[in-house]
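See below for the structure under consideration.
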Amino acid sequence: MGSAPVRSMYDERPDYRVELLARTNAMTAWLGETRLAHSDACLIVDEQDHGLVVYFPRDAVDFSRLEPIDRRTVCPFKGQAVYWRASGGAGPGVAWSYPEPFPQVARLAGYVAFDQDAVRVTIGTGRFTGVRP
């Protein structure tokens, strides 16, 4: 990425929304028949101008199936992302995270998302937490 600082656009676009929605649904990420992640403590990220993306807690991801790659991108509303690809694979990567997200989405730290065009994410039933709105 070079030495340019990662800059947030929230000051210039205070109307832009990135909603982090905690869910108790059992969610699983599959690459073919290989399970990459499973958890009932995921976040669904609903970002304006983007589709919904499931983020798994880092400890729910099977990193033995992934390898880090030297790719970084910057989202002006989430921060700098790091990437992984399938172990022994090629290409730009199938998973990413924001190790130091902007304060507005700080909860993303410690979560990993998968490219839902390459990885199938299934969503099962949720569990009742005892709280009703």
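Just so we're clear, the structure is a prediction, and the values are computed from it rather than from any experiment.
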Beyond-backbone contact of [X] with [Y], side-chain heavy atoms, under 4.5 angstrom:
{"X": "P68", "Y": "V82", "value": "no"}
{"X": "Y98", "Y": "C75", "value": "yes"}
{"X": "L20", "Y": "Y55", "value": "no"}

Please report the shortest heavy-atom distance between [X] and [Y], naming the atom on each side.
{"X": "R120", "Y": "G32", "answer": "NH2-O, 3.6 Å"}
{"X": "A41", "Y": "P57", "answer": "O-CG, 3.3 Å"}
{"X": "G124", "Y": "N25", "answer": "O-ND2, 2.8 Å"}
{"X": "V94", "Y": "A86", "answer": "CG2-N, 3.9 Å"}

Please determine if [X] and [Y] form a salt bridge, counting it only when a charged side-chain N lies under 4.0 Å from a carboxylate O.
{"X": "R7", "Y": "E12", "result": "yes"}
{"X": "R35", "Y": "D62", "result": "no"}
{"X": "E67", "Y": "R85", "result": "yes"}

Does a sphere of radius 6.0 Å around [atom1] in [X] hold more than 12 heavy atoms from other residues, nucleotides or ligands, not counting ones at 6.0 Å or beyond?
{"X": "Q48", "atom1": "CD", "result": "yes"}
{"X": "R13", "atom1": "CZ", "result": "yes"}
{"X": "D15", "atom1": "CG", "result": "yes"}

Rounded to the nearest 0.5 Å, what separation is found between the [atom1] atom of [X] and the [atom2] atom of [Y]?
{"X": "S39", "Y": "D59", "atom1": "OG", "atom2": "CG", "answer": "7.0 Å"}
{"X": "T34", "Y": "L66", "atom1": "OG1", "atom2": "CG", "answer": "10.0 Å"}
{"X": "S97", "Y": "K78", "atom1": "OG", "atom2": "NZ", "answer": "12.0 Å"}
{"X": "R65", "Y": "S87", "atom1": "CZ", "atom2": "OG", "answer": "8.0 Å"}
{"X": "L36", "Y": "W84", "atom1": "CG", "atom2": "CH2", "answer": "12.0 Å"}
{"X": "L21", "Y": "L43", "atom1": "CG", "atom2": "CG", "answer": "8.0 Å"}

Check for a donor-acceptor pair, side chain of [X] on one end and backbone N or O of [Y] on the other, with a separation under 3.5 Å.
{"X": "E47", "Y": "Y16", "result": "no"}
{"X": "Q104", "Y": "V18", "result": "no"}
{"X": "R23", "Y": "C42", "result": "no"}

Quiz prompt | Stepwise side-chain contact (heavy atoms from CB on, under 4.5 Å) check, F63 with V112 | solution = CA-CA 11 Å; F63 283 99; V112 176; 4.0 Å; yes

Do [X] and [Y] belong to the same hydrophobic cluster, where Ile, Leu, Val, Met, Phe, Trp and Tyr are linked whenever their side-chain heavy atoms lie under 4.5 Å apart, directly or via other members?
{"X": "M9", "Y": "V45", "value": "yes"}
{"X": "L31", "Y": "F56", "value": "yes"}
{"X": "I123", "Y": "V119", "value": "yes"}

Quiz item: So, do F77 and F102 have ring centers that fall under 6.0 Å from each other?
Solution: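 Centroid distance F77-F102: not below 6.0 Å, so no.
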
Quiz item: Strictly under 6.0 Å, is that where the ring centroids of W96 and F114 end up?
Solution: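 When the ring centroids of W96 and F114 are compared, they turn out to be at least 6.0 Å apart.
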
Exercise. Take T122 and W30, measure what side-chain contact (heavy atoms from CB on, under 4.5 Å) needs, and give me the verdict at the end.
Key: CA-CA 8 Å; T122 60; W30 299 93; 3.7 Å; yes

Quiz item: Please walk me through it: do I44 and V53 pass side-chain contact (heavy atoms from CB on, under 4.5 Å)?
Solution: CA-CA 6 Å; I44 300 232; V53 178; over 6 Å; no

Practice problem: Please assess Y83 against T73 for the test side chain to side chain donor-acceptor pair (under 3.5 Å), listing each intermediate value before the final yes or no. | Solution: CA-CA 9 Å; Y83 288 81; T73 60; 2.7 Å; yes

Quiz item: Hey, mind stepping through Q116 and V54 against side-chain contact (heavy atoms from CB on, under 4.5 Å) and telling me if it holds?
Solution: CA-CA 9 Å; Q116 291 172 194; V54 176; 4.0 Å; yes

